[in-house]
Structures are given as structure tokens and as C-alpha cells.
Peer 1: 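One structure follows; several queries about it will come next.
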Amino acid sequence: MSFIELKNVSKVYKNGVTALADMSVEIEKGEFVFVIGLTASGKSTFIKMLYREEKPTQGNVLVGGLNVGKIRNGKVYKLRRKIGIVFQDFKLLPKLTVYENVAFALECVGMKEKEIRPKVLDALNRVGLKEKVRCFPNELSGGEQQRVCIARAIVNEPKLLICDEPTGNLDPETSQEIMKVIDGINKDLKTTIIMATHDKDIVNRMKKRVLVIDHGILVGDYAKGRYKSHESI
Amino acid sequence: MKVFRIIGRSIRDSFKSIGRNFSLSFASIMCTTITLILVSVAIICAANIENATKLIEDELSIVIYLDSGLSEEKINNIKMDINSQSNVSECIFKSKDEWKLEMKDFSTTYGTILDYLDNNPLLDSFQVKVYDIEDIHKTAEYIKSIEGVKEVKYGEGMVETVVSTFDVVEKIVIVVVVALILVTAFLISNTIKLTIINRRNEIEIMRLVGASNTFIKLPFVIEGFIIGIIGSIIPICITIYGYVILFTKMGGELFTNLIILIKPYNFVFYVSLILVIIGALVGMFGSLKAVRKHLKI
């Protein structure tokens, strides 16, 4: 059984818009998968279904054997504790320092202060921000803020890291640095990574598996290194 | 241990939040204070009215005069008949000779007149106490219909008016209190709503990193609770000192000896306890309402 399985998944919003139509896909543990497509193609809906921000209208979404669509609202947090999420807009708390922002994720799950400290420092070390633990988000560059967001996402040692356009707000050089960090997490921690992106260069350079979504339909599933730059995103 | 940590963190967050949105929290606290002062006044009024009604009811009895010359058996039968009424709590016989002695004690003039007469002109009587004052009229009417009963007296009219007036006042007081409590709950709910809006980013992140719903809700509920408790401090002080002063100044009565005030101790402490409980519950209820509506979790 694959780590992530979507079986004939459809999603129709209340306003009648079909975001996903009969999508089936399997992703193995430890894979690095790009999800690409034009704006409003359905890739965000696909990503949101994995962490149960959206429920499928039809079909099943299985993450680690768990039928995500069937989880009751009150129990969603159990799934989220096993998943790390990185956002385009970072979603950092401006009044908390870098350290506090990362520690926040562990405080929320009720971890002891003694256990929190080494984990946070380890996560910040991995993203190369150990020197900036006392800085506030507004004192950091965009790339650094995104690293804090990544550190927060991996501090709980998730099996799955979901990245929703993490380089969308960053310049190409910084984007490359961020991708290095994410790739490192995939290689070193064997974390499964699913990343939605618009960035052609990154997809071409990384040579990973690529899922192409268009108008809610999975139009391409390219194995590692098979995707070519001339194809449209 | 984890539970204590979560509760500890929630309490810390609640105080932080009250500090951060101080003007809003202050408005809610003041609103709770004003409401609870009024609630306190209302409770004190209601309790004293209740007390006065009870005293009147306890004092009130039906006096039954019997026809003269009834045999002892007949009198016993009448007593049994009266006692058979479910509303009758007590029925005491008082003979005409006892009345005579009592009247002599009361006034020597009456004594001289009564001694002057050959026969005792007074009548044998029963003094009847009832359970339910509202049914006193029915009971009196029944007794009046028993053979051998000459007259029935119970201060008809006046008693019912006093009791029903007290009843109406009590009901109005209850309605006012309930309305005030609802208004306060609404205001606290609004304060919490604004706190939630202020912290929506934080809440979103909490949800995404896997904080449980209880963990997210708890600080808000505790915040409402704290607002309610702080809001009840001034009303409690006013209740304790105010009532003691009122009781002392009024000499234990309110304008007339018909309304005897309840003694301050332990009455004021019971009222204070009720105020804290109302404050805390209203705070929690108000914030729960906001949390349910605006957190959507």
C-alpha cells in the first residue's frame, strides 16, 4: 500500500466549480513530488485535501493508511501532527522570535519545555538559522522567513512535508537555497515531500517526479527526471 | 501532566490577551460589574420579599368561632373535619374560658365587664394555620360551611393583596435579572469575538500545526471566566458592605415592620457566592458562544 493514495477523487465546491475530477494517484514513502499547473488548475485543492483543509466530494484520500476525508473535525489535529506544512506567505507570528515561532508548533501539541528546546535548535540548525534564534520575523529576509517556516514544519518530525508554493514570494537565488534545504530534508530525513509550484526552473532543475494538473484533471504523471522544460506549466 | 501544562499555558494566554485588548476587556469587566450590582440588588430584594412573604404566611391564621353550647363530641367532629383539609397544617382549640382569661390579662376593663356578666358571652374557637396562603380563601370557605361554625376570620382581602403584590414584584425582579445577564453574556461574547479576530493568524497556525480544538478554545473560555470573576469583585464588596450598612441604618426593617430584613450574616456571603458563580458562568457562556461562532472548529 502506498503512503499517499487518491482514489477517484473529485471535489466540487458549493458554487458549482469543479476543482478536481476523478483523480487517482499514488505516492510512495520518501518520494519528492512536484505538483504543477496553471492558476486555478486544482493543485491547491489537491494539496489542501492532503491535510484535510478540504474534503473530497467523491472518492478517498488516504494518507499513511488513514482515510483523510472520513476524519471528524474534532480529530483533524491528529493528522496534522504527522504533517508539516510550508506556505508561500510563511505565516509566522510577528510578535514571536524565530525560536518562539518554531517552538510554538511543539507548545501547541503540549510538549514539555525541556524537550522543545533541543528539537527547535536542531530544526533551526538544519535550515541554517541557528544564529538568528532571537530575531523577530521582520528582521529577516524573505528567504530566512521561509526557512523559519520550514523549521516549524519539520520540528515535529513529520512523515510528510507539504509545500504550497514555498518559493512564490522569493527571488530565483533565494528560491534555490530554499529548494536545497527542502531537498536535504527529503534525502536526510526520508520525509515524503509534495510541493505545489509555478516555478518552471525549479522543477526542471530538481528532476523529481512531476504531477501536472489542468482544470482539475491529472493530465501528466512524469517519473523522476522525465519532465521536460518545454512542456507547459 | 500534559493537561496541566495546557491549562497553565491557556491561563497565561488569557491574561496576556486581557492585557493586550485592555480597553475592550475593561469595558466587558465594567459591564459585568454593573450587571452584577443590579443582579445583587435584585437578589437582595427578591430574598427579602420572599422572607417577608414567609413571615406573613407564618403569622397568618384563620380564627373560627363556633356556635355557643356545642357538645364536646360536636367540637371534636368539627376539629376532625377541619384537619381533613389538605391545606390545614395546624388546628388549635381555644375555649371561651381561655379567651376570657386572655382578655382579662390584656385589659382590666374587659376583665371587670366579663366578671360582671353571669355567663361568659365569648365563643369557643379554633386557630387554624395553612400551608398555602394562596388557597386560604378556599379553606376558609369550606370551614364556614361546616355545621356549628358561626364565623370565620382571616384578614381576607388585605393578605391576598400584599402577597400577590410581593409575587408580582418578585417576578419583575427575576425578568430584569435574566435580561441583564443575557446582555452581559452578549457583551462578553463580543469582546471574545474581537480577541479571536485579533488572533486569527495565531489560531490558523495552531490549527495547521495540530493543536487540538480544546487547546485552541481553552484560552478564550478562560478569558471569559476571568472577565466574569474580575467583574464580580466590586459587586461583592458593595453587597457585603452595602447590605450591612443598610441593615444597621434601617434597624433590620424596611420602612415598616411588615418587611423584616434578613440578617446580613451569612446572607451576604451566599449572595456573593451567587454573584461569583453568575459572573464566571456568564463569562464562560459568552466566550463559548463567540468561540463556537467564530472559530468554526
Side-chain angles (χ1 to χ4, degrees), chain A residues 47-48 50-53 63 71-87 89-96 100-116 119-120 123 137 148-164, chain B residues 1-25 191-223 284 287-297:
Chain A
I47 292 276
K48 281 178 180 170
L50 298 176
Y51 60 93
R52 184 38 176 76
E53 190 66 7
V63 176
I71 304 173
R72 283 191 289 125
N73 284 352
K75 300 286 173 199
V76 172
Y77 71 93
K78 289 187 177 173
L79 169 78
R80 302 242 170 110
R81 286 180 188 184
K82 293 174 188 157
I83 297 174
I85 311 168
V86 179
F87 304 94
D89 57 353
F90 322 134
K91 292 194 195 301
L92 298 176
L93 294 167
K95 286 181 184 169
L96 301 187
E100 288 166 340
N101 260 293
V102 180
F104 184 73
L106 298 178
E107 281 175 21
C108 284
V109 299
M111 199 177 271
K112 281 184 202 163
E113 184 58 41
K114 256 193 279 174
E115 292 169 33
I116 291 175
K119 278 178 184 280
V120 173
V148 179
C149 183
I150 294 169
R152 186 181 60 195
I154 60 165
V155 73
N156 212 7
E157 293 158 20
K159 297 274 174 282
L160 172 64
L161 183 65
I162 295 172
C163 307
D164 195 358
Chain B
M1 285 308 285
K2 194 171 160 183
V3 175
F4 290 124
R5 242 187 343 264
I6 288 175
I7 293 174
R9 189 178 188 280
S10 299
I11 294 172
R12 191 188 74 196
D13 280 3
S14 312
F15 276 107
K16 258 193 206 168
S17 174
I18 290 173
R20 252 184 239 158
N21 308 313
F22 185 72
S23 56
L24 209 64
S25 306
T191 308
I192 303 293
K193 180 179 104 183
L194 289 169
T195 312
I196 291 171
I197 291 169
N198 266 346
R199 291 178 60 189
R200 65 187 179 282
N201 288 337
E202 199 179 326
I203 292 165
E204 191 191 351
I205 295 163
M206 278 179 167
R207 292 176 61 217
L208 293 170
V209 296
S212 68
N213 288 351
T214 314
F215 183 86
I216 299 173
K217 284 179 191 170
L218 206 58
F220 298 109
V221 178
I222 293 178
E223 190 177 333
M284 280 165 72
S287 80
L288 262 179
K289 192 174 151 276
V291 164
R292 264 199 216 122
K293 196 170 169 194
H294 300 283
L295 279 186
K296 289 187 179 134
I297 50 175

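In the text below, chain A, chain B and the rest are named by the order of the sequence lines, each starting its count at 1.
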Peer 1: List, with distances to 0.1 Å, the donor-acceptor pairs found between chain B and chain A - the cut-off being under 3.5 Å and no angle criterion applied.
Peer 2:
| unit_1 | atom_1 | unit_2 | atom_2 | d |
| --- | --- | --- | --- | --- |
| B/Lys2 | NZ | A/Val109 | O | 3.4 |
| B/Arg5 | NE | A/Gly110 | O | 3.1 |
| B/Arg5 | NH2 | A/Gly110 | O | 2.6 |
| B/Arg9 | NE | A/Glu107 | OE1 | 3.1 |
| B/Arg9 | NH2 | A/Glu107 | OE1 | 3.1 |
| B/Glu204 | OE2 | A/Lys91 | NZ | 3.1 |
| B/Arg207 | O | A/Arg80 | NH1 | 3.2 |
| B/Gly210 | O | A/Arg81 | NE | 2.6 |
| B/Gly210 | O | A/Arg81 | NH2 | 3.2 |

Peer 1: From the options A/Leu93, A/Leu92, A/Ile85, select the one residue that forms a side chain to side chain contact (heavy atoms under 4.5 Å, CB included) with B/Ile205.
Peer 2: A/Leu93

Peer 1: Indicate the atoms forming the closest heavy-atom contact of B/Val209 with A/Val109, along with that distance.
Peer 2: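 Closest approach of B/Val209 to A/Val109, heavy atoms only: O-CG1, 4.0 Å.
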
Peer 1: According to side-chain contact (heavy atoms from CB on, under 4.5 Å), who are the partners of B/Ala211, at least two apart in sequence or on a separate chain?
Peer 2: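 For B/Ala211 the side-chain contact (heavy atoms from CB on, under 4.5 Å) partners, ignoring immediate neighbours, are A/Cys108, B/Met206, B/Phe215, B/Ile216.
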
Peer 1: Listed by chain and number, what are the side-chain contact (heavy atoms from CB on, under 4.5 Å) partners of B/Phe22, not counting sequence neighbours?
Peer 2: B/Phe26

